[in-house]
2 protein chains.
Amino acid sequence: MAHDPRTVPSATISRLVTYLRIVTQLEQGGVRTTSSEYLAKEAQVSAFQIRKDLAYFGRFGTRGEGYTVPTLRREIERILGLTRQWRVAIVGVGRIGEALANYPNFRDYHFELKGLFDLDPAKVGRLVAGLEIKHLSELNRLVLEQGIDIGFITVPPKAAQDAADALVQAGIKGILNFAPTVIEVPREVHVEPVDFLAGLKRLSFYIINPQLKEELA
Amino acid sequence: MAHDPRTVPSATISRLVTYLRIVTQLEQGGVRTTSSEYLAKEAQVSAFQIRKDLAYFGRFGTRGEGYTVPTLRREIERILGLTRQWRVAIVGVGRIGEALANYPNFRDYHFELKGLFDLDPAKVGRLVAGLEIKHLSELNRLVLEQGIDIGFITVPPKAAQDAADALVQAGIKGILNFAPTVIEVPREVHVEPVDFLAGLKRLSFYIINPQLKEELA
DNA sequence: ATATGTGAATTGATTCACAGCG
DNA sequence: CGCTGTGAATCAATTCACATAT
């Protein structure tokens, strides 16, 4: 069982997501056991790192043997909170919002799209990915009714803070922010930025400074 | 002028991108000077952090005064390599690839879309964002002809490594990888992952572990 | 007087080496 | 004997305090 640790590097959480992807693939391929060595190669980190990352949460392997793939997969899912389904709403049904709503891997086992919201009256009522777009004024009600936990912000940068405020007001617990701007939220709401323009600008820096290698979180 | 430092934390580069966005907004609003204090508040970091981040690259402020907005904007752009235009190709014109091609902020000052590639014969020849989709077999030629520097990978996860190989083979210098998988490239090619599914799973973890606050790189 | 720039101190993360178990 | 699990050592990043410049 677990430690329930007081502190975990956020880079560890990012890596756990990668490890989960790798063991899930192994499991689908019918592989029964694996090792920190193998996972390290696939995730492009050191084997030490893998063992240390897992050690924050407990002991999941067998000494001399390695890890049992289905067990490790299940344990990492439990650590990441992927034993339950998360219900998601998208605020801003432009091209990005619509592409995300239709993204086939999105209806992952763990995430379910439950609402689409926009301010534009021309969009409200339209059907996207089998859901009717609602006006943002209905957010509070539908978050409550549908038990929505997570909101995507896919509005233009200037509208991002308003979208965040609306989501917070509606009682959402986490936000995936696709807008290229820092948003302010209360301490208890978590925000993950997904900012490809920022990624591009980091790329630009590392291309002109090839001697500086980034270690990716 | 600059230090040209041997080592810079990658978190510093991410923060510089944020600072750039903030000073650009200030400049557009006609503000002439600012301070580490103000930038800190906007970027949600400490003022120490801002001054230290900038100090890796030189001295850009005036003691007792603060920073001159247009100067700081220009200097951060120079640091990030945004004094030149970067030419971009998109590999994989599915929903995400198409949404990116049409994203209005994409034709930023510094990035220019120069090629769209796919393997699907049904897509080749179609016009998207004013560009004709080419077959991936034409990548080498067009990267050379168009002077393309950066590739986006927006193909399904299983095709991502092949897309990466094709881009590397064509002589690309940097990759923005939207596929949820770790790709292998030679040391001299830089990869930035843009993985919203990973972001969602990190969110899941931080929602069920609210006592653990992430400090965002 | 005021806000930057920076060495020193502290805190945090990664690497290592090997103890612990199967 | 092999591979995990983990305290200790190293390395890196952030915070601090204040000297410095205007």
Side-chain angles (χ1 to χ4, degrees), chain A residues 1-3 5-16 18-19 23 26 31-69 71-72 75-76 79 211-217, chain B residues 1-3 5-16 18-19 23 26 31-69 71-72 75-76 79 211-217:
Chain A
M1 243 275 105
H3 294 186
R6 238 158 271 284
T7 162
V8 183
S10 64
T12 290
I13 306 310
S14 293
R15 287 189 298 260
L16 283 175
T18 303
Y19 307 159
V23 290
L26 285 177
V31 179
R32 288 295 300 169
T33 71
T34 189
S35 64
S36 59
E37 203 65 55
Y38 176 86
L39 296 173
K41 192 170 65 59
E42 290 295 305
Q44 297 181 19
V45 302
S46 70
F48 305 127
Q49 187 72 81
I50 301 230
R51 299 204 296 273
K52 179 64 89 186
D53 285 339
L54 294 172
Y56 283 106
F57 300 98
R59 278 171 276 162
F60 309 112
T62 312
R63 296 177 197 220
E65 298 284 317
Y67 301 94
T68 305
V69 167
T71 307
L72 187 57
E75 290 292 342
I76 299 178
I79 293 165
Q211 78 285 8
L212 296 172
K213 266 313 245 186
E214 182 179 16
E215 101 292 337
L216 297 170
Chain B
M1 248 276 103
H3 295 184
R6 237 158 273 283
T7 163
V8 184
S10 63
T12 290
I13 306 310
S14 293
R15 286 190 297 261
L16 284 174
T18 303
Y19 307 158
V23 290
L26 284 177
V31 178
R32 287 295 301 170
T33 70
T34 188
S35 64
S36 58
E37 204 65 54
Y38 176 83
L39 297 173
K41 191 171 64 58
E42 290 295 306
Q44 296 180 19
V45 301
S46 70
F48 305 128
Q49 187 73 81
I50 301 230
R51 299 204 296 273
K52 178 64 87 183
D53 285 338
L54 293 172
Y56 283 107
F57 300 98
R59 277 171 277 163
F60 309 112
T62 312
R63 297 179 196 217
E65 299 283 317
Y67 301 94
T68 306
V69 167
T71 307
L72 187 57
E75 290 291 341
I76 298 177
I79 293 165
Q211 78 285 7
L212 297 172
K213 266 314 248 184
E214 181 180 15
E215 100 293 331
L216 296 171

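Lettering follows sequence order; numbering is per chain, from 1.
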### Query
D:dA12 phosphate, OP1 or OP2: any side-chain N/O from B:R6 under 4.0 angstrom?
no

#### Entry: Consecutive-pair stems (3 or more, Watson-Crick or G-U, under 3.5 Å) for DNA chain C
C:1-22 with D:1-22

### Query
Atom CD of A:E37 to atom P of D:dG5: distance rounded to whole Å?
14 Å

### Query
Please give, in whole Å, the distance from D:dT4 P to A:L54 CG?
10 Å

### Query
How long is the line joining CG of A:L212 and P of D:dA12, in whole Å?
13 Å

### Query
For C:dG22, does OP1 or OP2 lie under 4.0 Å from any side-chain N or O of A:T62?
no

### Message
Can you measure B:E214 atom CD to C:dG12 atom C1' for me and round it to whole angstrom units?
### Response
15 Å

Can you check nucleotides 15-19 of chain D for protein contacts, nitrogen or oxygen pairs under 3.5 Å, and list what you find?
from: D:dT15; atom 1: OP2; to: B:Q49; atom 2: OE1; distance (Å): 3.4

### Query
Atom CD1 of B:I50 to atom P of D:dA13: distance rounded to whole Å?
18 Å

### Task
Kindly indicate whether the side chain of A:Y19, heavy atoms from C-beta on, has any atom under 4.5 Å from the side chain of A:V45.
yes

### Query
Atom CZ of A:R59 and atom C1' of C:dC21: how far apart are they, to the nearest Å?
10 Å

### Query
What's the closest nucleotide to the B:Y67 side chain, out of C:dT4, D:dT4, C:dA13?
C:dT4

## Note on the structure
note: B:K213, atom NZ; C:dG12, atom P; distance rounded to Å ~ 17 Å

### Query
Would one find a side-chain N or O of A:S36 under 4.0 angstrom from OP1 or OP2 of D:dT4?
yes

#### Entry: Atom-pair distance (CZ on B:F57; P on C:dG5), nearest Å
14 Å

